[in-house]
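All values below come from the heavy atoms of this structure, side chains included, with hydrogens, waters and symmetry mates left out. In what follows, chains carry the letters A, B, and so on, assigned in the order in which the sequence lines appear, proteins first and then strands, with residues in each chain numbered from 1.
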Protein chains: 2
Amino acid sequence: MAVVKSRREQYSEATRAALLAAATHRFATLGYAATGLEDVAADIQATRGAVYHHFSSKKALFEAVLDEQEERATSRLGAAYRAAPDPWSGALAALEAFLDQCLDPVYSRVVWREGPIAMGWQGWHHSEEKYAYGLVESIIGELVEHGYLAALPTAAAADVTFHAIGTAGHRMAEADPADRPRLRTEYGAVLRRMLAGLRPDVDPDRPPHSEQQQRSGQSADHGVGEQSTP
Amino acid sequence: MAVVKSRREQYSEATRAALLAAATHRFATLGYAATGLEDVAADIQATRGAVYHHFSSKKALFEAVLDEQEERATSRLGAAYRAAPDPWSGALAALEAFLDQCLDPVYSRVVWREGPIAMGWQGWHHSEEKYAYGLVESIIGELVEHGYLAALPTAAAADVTFHAIGTAGHRMAEADPADRPRLRTEYGAVLRRMLAGLRPDVDPDRPPHSEQQQRSGQSADHGVGEQSTP
DNA sequence: GTCGGTCACATACACAGTGTATGTCAGTAG
DNA sequence: CTACTGACATACACTGTGTATGTGACCGAC
């Protein structure tokens with residue numbers, strides 16, 4: 001297969017790829033709503049006719065963009081996980097790779113911000129099951145299965161973990177690039193701790209020790225300002 | 001102040017309230033994008049002129065709806081926190097209250113799903129700082145300050161925590177109502193464990209024990225299927 | 001080579017929805 | 001009673017998606 005392609009086919013594929021690239025750029029910088037198909041087409045000296053020839057709708061164009069991003073990302077995360085000697089360090093490596101991936105403003109914006117908007121939350125999440133979310137889910141499942149994590153329901157644990165990591169990445173991608181190394185460290189620390197909380201040896205119900213717990217008899221109000229309740 | 005209002009003022013306020021209620025219902029059931037101002041107005045036997053008289057734009061109408069939801073929710077969470085005897089149990093109580101709140105499909109959909117879509121992620125998050133996010137942030141800050149949690153950067157910890165909880169609530173609100181009690185239990189367990197992971201006595205870097213770690217000499221590939229890398 | 005068909009795109013139009021400018025009439029103050 | 005203000009309704013302009021139709025370049029057959 002993959003015989004030589006006719007000139008027309010080559011042109012067509014090039015057009016499609018160019019549309020995809022232009023759309024990726026506009027979606028990632030302006031967002032889904034503010035991106036008009038007219039502009040996308042104009043970016044490559046074409047008209048909306050070309051867009052509708054290659055993609056059935058604006059939403060379909062976005063999905064193609066998202067798929068491309070997720071394909072790349074997921075293969076990286078999977079590689080990082082499998083390269084590690086055991087599931088636990090694999091999970092940590094995948095976490096690092098995920099944070100790295102989210103630092104890419106295109107990935108972050110397209111997948112985490114515009115995805116739910118363009119495809120609807122349901123559609124986005126359904127699509128995610130093929131990609132990063134699905135990977136997180138299988139990793140969590142494996143960690144639980146091998147006793148690295150407490151016997152928690154996989155779906156709930158994966159869900160919260162996935163979104164915690166994604167949120168962190170998303171916030172980093174939005175921040176001033178100069179702050180990112182610091183944020184990366186901070187978010188990484190928080191996430192590793194949260195993951196550690198899922199380990200079987202942690203007892204979530206034991207009350208924490210606090211050097212101030214028995215201090216002077218303050219009232220129950222411990223600081224958070226009164227909320228007006230009209 | 002608050003003297004007797006003229007009949008016109010009373011009518012006007014009633015109209016505004018009715019518009020708000022109709023908009024809330026449509027936004028919560030159909031979503032922001034699929035809600036037309038024509039329909040909102042028709043719900044109360046009025047026209048779009050009434051909407052634009054009371055609200056400067058569709059976005060402003062949505063913000064009024066969201067503000068109303070968040071006002072209620074935040075005062076509940078704050079009350080739950082302050083009613084507890086100490087910050088730690090206050091945080092757990094607020095977590096429970098948050099999950100309860102998210103079970104309300106109107107709150108969940110308006111705040112967590114449509115909010116970012118309608119106001120843009122930035123606008124939504126900026127608005128959240130006044131409400132639930134701000135509350136989570138101050139609670140986390142207090143826990144850290146009093147030694148209940150490890151000395152983590154408050155912003156990062158609050159951010160991840162807030163979104164982890166919100167995601168859990170959001171997923172519950174979307175699930176079949178019959179499944180919610182079970183999900184509520186599962187998500188609650190995961191979230192309490194994650195919060196526990198932030199306690200000062202948990203060492204996130206100590207590798208976990210696993211009964212399978214030294215088993216038969218498998219390759220580095222520990223189960224997650226190969227990802228095609230085209 | 002040329003001829004009919006097809007494919008890649010352009011052009012033109014229908015439709016929905018927001019926002020805005022203007023009109024109208026009830027209610028209120030003097 | 002009158003003049004005015006405020007609460008809406010009506011009409012229109014504009015933007016953007018989607019769709020139906022047109023057109024010219026390429027491709028295979030003879």
Residues touching DNA chain D, which here means a heavy atom under 4.0 Å, drawn from residues 23-36 of chain A: Thr35(A), Gly36(A)
Is there side-chain contact between Arg109(B) and Phe27(B), with at least one heavy-atom pair below 4.5 Å? no
Over how many whole Å does the gap from Leu19(A) atom CG to dA10(C) atom C1' extend? 13 Å
Answer yes if the side chains of His163(A) and Arg171(B) hold a donor-acceptor pair under 3.5 Å, and no otherwise. no
Using atom types as modelled and distance alone, determine if a side-chain donor or acceptor of Thr74(A) lies under 3.5 Å from a backbone N or O of Glu71(A). no
Give, ordered by number, those residues of residues 40-50 of chain B having at least one heavy-atom distance below 4.0 Å to an atom of DNA chain D; if nothing qualifies, reply none. Ala46(B), Thr47(B), Gly49(B), Ala50(B)
Would you say Ser57(B) places a side-chain N or O within less than 4.0 Å of OP1 or OP2 belonging to dT18(C)? no
Could you tell me the separation between the NE2 atom of His53(B) and the C1' atom of dA7(D), rounded to a whole number of Å? 5 Å
Any idea which of dA8(C), dG18(D), dC8(D) is nearest the His54(B) side chain? dC8(D)
Measuring from the side chain of Leu37(A) (C-beta onward, heavy atoms only), which nucleotide among dG19(C), dC9(C), dT17(D) has the closest atom? dT17(D)
Does Thr35(A) offer a backbone N or O that forms a donor-acceptor pair with the side chain of Lys58(A) under 3.5 Å? yes
Is Ser108(B) reaching over with its side chain to a backbone N or O of Asp104(B), donor-acceptor style, under 3.5 angstrom? no
Those residues at least two apart in sequence (or on a different chain) that pass ring-ring contact (aromatic ring centres under 6.0 Å, His included) with His170(B) are Trp121(A)
Do the side chain of Glu137(B) and the main chain of Ala158(B) share a donor and acceptor less than 3.5 angstrom apart? no
Using whole Å, report how far CZ of Arg16(A) lies from C1' of dC9(C). 15 Å
Using the ring centroid of each side chain, check whether Tyr133(A) and Trp112(A) are separated by less than 6.0 Å. no
What is the separation between atom CD on Glu38(B) and atom P on dA16(C), rounded to the nearest whole Å? 12 Å
Double-helix bend of the helix from dG5(C)-dC26(D) to dG30(C)-dC1(D), axes at both ends from 5 pairs, round to 10°, gives 10°
Considering just the side-chain nitrogens and oxygens of Thr15(A), establish if one lies under 4.0 Å of OP1 or OP2 belonging to dA8(C). no
Excluding sequence neighbours, so at least two apart, what forms side chain to side chain donor-acceptor pair (under 3.5 Å) with Glu96(B)? Arg184(B), Arg192(B)
I want to verify a distance call: between dA7(D), dC9(C), dT17(D), whose nearest atom is closest to the Tyr52(A) side chain? dT17(D)
Considering only heavy atoms from C-beta outward, does the side chain of Leu66(A) approach that of Trp124(A) to under 4.5 Å? yes
Ignoring hydrogens and angles, write down the donor-acceptor pairs under 3.5 Å from the side chains of residues 40-47 of chain A, residues two or more places apart or on other chains.
unit_1   : atom_1 : unit_2   : atom_2 : d
Asp43(A) : OD1    : Arg26(A) : NH2    : 3.0
Asp43(A) : OD2    : Arg26(A) : NE     : 2.7
Thr47(A) : OG1    : Gly49(A) : N      : 3.3

Length of the line joining Glu13(A):CD and dC9(C):C1', which is rounded to integer Å: 16 Å
Interatomic distance where CZ belongs to Phe55(B) and C1' belongs to dT18(C) [whole Å]: 16 Å
